[in-house]
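Working notes for the structure below.
Residue numbers start from 1 in every chain, and the chains themselves are labelled A, B, ... in the order their sequence lines are given, proteins ahead of strands.
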Amino acid sequence: MRISEQKLFNNKAEGIGILLFLVLAVLPLVLGIIYALLYSLGVIGLVSDGFTFAYWQRALSDAEFWLSIGYTFYIALATIGLTIILSLFLSLYFRKELRHGLPGFAIYVPLAFPAIVVAFLFFQLLSQSGLFARIAFQLRLIADSSVFPELVNDPFGIGIIGAHTFMATPFFTLYFMNLYRQANLKEFRQVAESLGASAFEQLRRIVVPVLLKRAFPTLTLYTIFVMGSYEIPLILGRQTPQMMSVLVIRKLRRFSLSTIPEAYITAIVFIAIIIALLTVLFKSKNFSYDLDR
Amino acid sequence: MVTPLKAEHISKSYGSEQVLDDLHLQLYSGETLSILGRSGCGKTTLLKILAGLEPADQGKVLVNDIDIQSLSPQAREVVYLYQEALLFPHLNVFENIAFGLRLRNRSEEEIKEHTLTMIDRLGLNGMNEKMPHQLSGGQQQRVSFGRALITNPSVLLLDEPFGSLDADTRSNMQQFFKNIAKQFDITAIFVTHNVKEAMLMGNRIATLANGSLSVFDSIDAFINSSNNVVQEEIAFWESVQARRSN
């Protein structure tokens, strides 16, 4: 009888690849988290005074910290929600147009913009001294540029959501268009029609659920990406509330060294939330199944 | 008496290629008409036109004596079944079968009762919660049949429904269809390129070639016709018989 030995790696190249990934990508991350944890507990760092939970107590009782977490989730979910609506609309109603000619080219253009450029573009267009405010003033729609609605550096993060949506919509439009083809949705729609579904019912019961289910892992990962974004909320956000990434950097760079542990605590909590979210999602059968596909 | 399905002067071409040419067809209640034709002869196009899923260049399709194009999808009562089961991938067995009832806004109790009865009749007990990718090819086709039958359509259009199945499963499914056709008094068109399957499944047989449809009044009329496909099949089995005798 032949007993096959179970190997950790399929071949040497795979073993080296995984080892390099662990050393170059995972190890620095783990060391960074450990460093941040030790710093937040007062074990190491410039203000180290021995092991203490004082920084954690201070950070967790700070309203700004919780506001920042809520604000980060709000921005990410609003962005992804708007992106889904716009991308579905474009991919379902302009599918043919977006495959050829100028629209087909134009949809790719926003994908080439770095985040910082988009942030400045939105600032130049939407601020009270920006292009739209000037046009509105010239058209005598407003008496003074200060009357123009606050669309950037505003309390509701309109500018941040707008900029992120501008970047994400072309990507998800193209993604949904490809999924539509891959998932045989044209045939599924015909089956549904044959069973008595109107065009609206086909969208509601078949097309949209199938697209969202197949795109769920990518949508989730993009939501996490938005939660961790920095340049756009830095330029288009306001002092308070701030997204967690901006808050971390602000606390790290403050004149007072005592806020550094709080910055690390904010970062650790952010990482913990993301890891918890991913763990729950990866344990879900549907999520793993869709990733496999 | 109302005719479940009637097609008059149907023509369809793609560019310069004439796929269907002034075609006539009438289906009687409770019968299965097998349509035999080679790949690419226009069988699928014909079925899609009959189902109202594709417009004909000329002619009209009448379902229960009403022009199909004037009916909403729900009122057409003609269900088209593909070669693949094409079960909705995000719905489990129960929801796939219940799909047509949900479209018709039936009550939750009615949906549950009808769907569970159908699952039982399909021999799929205990599989309510399974997703399509967890089913075998034969099971998927059964669900596909159940999904079509639950709304009690006037006509079923079957486009080589067992074409992708292995020989054993195909044979089982042929018997399964015969049984449910009898049980539900189904009026159907069964498209295939397999002579044996056409004879096994149909009460009448038609052949589609060069855009024209020839309908035979009975299986015997088809066998006795000068149709090359039948003669080839008979000649083959006679040669097998002769070899065994020697």
What residue in A:A183, A:S198, A:A197 has the most heavy-atom pairs under 4.5 Å with chain B? A:A197

B:R147 to B:F88 six-membered ring, cation-pi geometry met (6.0 Å, 45°): yes

Are A:T218 and A:Y175 close enough that a side-chain donor and a side-chain acceptor fall under 3.5 Å? yes

Measure distances from B:V79 to the heavy atoms of chain A and classify the residue's part below 4.5 Å as side chain, backbone, both or neither. both

Interface moiety of B:Y80 toward chain A, non-hydrogen atoms closer than 4.5 Å: both

Going by the angle between their ring planes, with limits at 30° and 60°, are B:F190 and B:F177 parallel, tilted or perpendicular? tilted

Do B:T169 and B:D166 have a side chain donor and acceptor closer than 3.5 Å? yes

Short N-O contact, A:E201 and A:R189, less than 4.0 angstrom: no

With a 4.5 angstrom heavy-atom cut-off, could you sort out which part of A:A199 is near chain B: side chain, backbone, both or neither? neither

Given a strict heavy-atom distance threshold of 4.5 Å, which part of B:R104 is in contact with chain A: side chain, backbone, both, or neither? side chain

Distance-only polar pair, side chains of B:T44 and B:D159, donor-acceptor under 3.5 Å: yes

If I measure from the heavy atoms of chain B, does A:E193 come under 4.5 Å with its side chain, its backbone, both, or neither? both

Among B:I150, B:L81, B:L157, B:L87, which residue forms the greatest number of heavy-atom pairs with chain A at distances under 4.5 Å? B:L87

